[in-house]
**Q** 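Before I ask anything, here is the structure I am working with.
Throughout, protein chains are lettered first and strands after them, A, B, ... in sequence-line order, and every chain is numbered starting at 1.
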Protein chains: 2
Amino acid sequence: MAVYTPAEAVEETGFSLDTLRYYERIGLLERIGRNAAGQRRFTDDDIGWLGMIRCLRDTGMPIAEMLRFAALTRQGDHTIPERIELLEAHDRAVERQLDDLQTKQGAIKRKIGYYKDVLAMDRAFTC
Amino acid sequence: MAVYTPAEAVEETGFSLDTLRYYERIGLLERIGRNAAGQRRFTDDDIGWLGMIRCLRDTGMPIAEMLRFAALTRQGDHTIPERIELLEAHDRAVERQLDDLQTKQGAIKRKIGYYKDVLAMDRAFTC
DNA sequence: CTGGCACCTGGAGCATGCTCCAGGTCAAGC
DNA sequence: GCTTGACCTGGAGCATGCTCCAGGTGCCAG
């Protein structure tokens, strides 16, 4: 099992060191192990958990809900049904997000098309 | 051409009245017309522009960039090429957002699948 | 031995995007 | 005439999610 220095964890996860410390402070990460000098040493498990956090964060889950997920995870396997529920609810939210984004992207593309038409008209009249 | 009271504009656009006033304050909306009593009266054009704003906002465009778009729009038709550029750049950003969201949704679905497998294993051993 | 660098902690500060409030105006219904 | 309700303004406050800072420790290269 590999261990990662703070700099390596930053590299692996894409979170800034300040963000990692912040996540630990608020309890989104369990207290990270330390070496003799008190410096953090991240494990593969930590890095894996941070991967999950990144997924949830980047799909728009608020920190408060990630904290709930973290709490469930710490409470052991009997919370797996609740975790499934939480993730399925989030998955549905992501689905709505995708639909909404696509609809609105369509509108933006139409607007671009409209502007291009205006330009084409312009050329038709001035040439 | 219809006019809309503040309450009707809220209804039409889905923005709160405070948000509409805020958008006007920062110049995202041009100064909205007033009646004799100084109350706002929104036009169809205002409502249309707010629809555009909602599209851009909900697809993640920061206010600073919407302000740039608003400024271009106010400067007249000769800025249409720039507006196309801005919207096309944004469209590409939305595309990346969609891709990223889909990838991460996949990871979440796999995690849900994993949890369900754990539950199934559990049942297999305890029954 | 001495920098210099990566790291530590607790706490303050900040960027974004609203949201709320106090104090006031106007018009309409009872 | 009086209340009620929608609206006004300028300005303060807030929720989220980091980000930065001061002051200090420990380790390694030269």
Side-chain angles (χ1 to χ4, degrees), chain A residues 3-43 46-47 49-50 52-71 90 93 97 100 104, chain B residues 3-43 46-47 49-50 52-71 90 93 97 100 104:
Chain A
V3 300
Y4 303 80
T5 63
E8 286 161 354
V10 164
E11 174 75 13
E12 289 296 319
T13 65
F15 290 117
S16 76
L17 183 47
D18 266 321
T19 298
L20 292 175
R21 289 198 274 240
Y22 167 68
Y23 284 170
E24 186 179 346
R25 244 192 278 194
I26 63 172
L28 191 51
L29 263 53
E30 281 190 87
R31 181 162 169 90
I32 299 295
R34 310 289 158 132
N35 71 359
Q39 297 188 351
R40 288 173 179 79
R41 288 300 176 257
F42 295 79
T43 65
D46 293 330
I47 302 297
W49 172 248
L50 282 164
M52 188 72 208
I53 291 302
R54 173 162 287 288
C55 253
L56 297 178
R57 187 193 84 157
D58 288 358
T59 49
M61 183 181 287
I63 285 186
E65 202 174 344
M66 291 198 277
L67 283 174
R68 207 162 78 74
F69 184 66
H90 183 58
Q97 222 185 124
D100 190 54
K104 279 164 182 158
Chain B
V3 300
Y4 303 80
T5 64
E8 287 161 354
V10 164
E11 175 75 13
E12 289 296 318
T13 64
F15 289 118
S16 77
L17 183 48
D18 266 320
T19 298
L20 292 175
R21 290 199 271 239
Y22 168 68
Y23 284 171
E24 186 178 346
R25 243 191 279 195
I26 63 172
L28 191 51
L29 264 52
E30 280 190 87
R31 180 159 171 93
I32 300 295
R34 309 290 156 135
N35 71 0
Q39 297 188 352
R40 288 173 181 79
R41 290 297 177 258
F42 295 80
T43 65
D46 295 329
I47 302 296
W49 173 248
L50 282 164
M52 187 73 208
I53 292 303
R54 173 161 287 287
C55 252
L56 297 178
R57 187 193 85 158
D58 288 359
T59 49
M61 184 182 285
I63 284 185
E65 202 174 345
M66 292 198 276
L67 282 174
R68 206 161 81 73
F69 184 65
H90 183 58
Q97 222 186 124
D100 190 55
K104 278 164 182 157

**Q** Rounded at 0.5 Å granularity, tell me how far CG in B/Asp100 sits from CG in A/Asp58.
**A** 6.0 Å

**Q** Check whether any side-chain heavy atom of A/Tyr22 sits under 4.5 Å from a side-chain heavy atom of A/Ile26, and report yes or no.
**A** yes

**Q** With a 4.5 Å heavy-atom cut-off, do A/Arg34 and A/Arg41 have their side chains touching?
**A** no

**Q** Let me know the distance between CG of A/Asn35 and C1' of C/dC8, rounded to the nearest Å.
**A** 11 Å

**Q** With the sugar-phosphate defined as primed atoms, P, OP1 and OP2, and the base as all remaining atoms, what B/S/- string results for nucleotides 9-30 of chain C, 5' to 3', for protein heavy atoms under 4.0 Å?
**A** B-B-----BBBB-----S----

**Q** Suppose we screen for side-chain hydrogen bond (donor to acceptor under 3.5 Å, both in side chains). Which residues come up paired with A/Arg25, at least two apart in sequence or across chains?
**A** none

**Q** Who pairs with B/Arg57 by side-chain hydrogen bond (donor to acceptor under 3.5 Å, both in side chains), at least two apart in sequence or on another chain?
**A** none

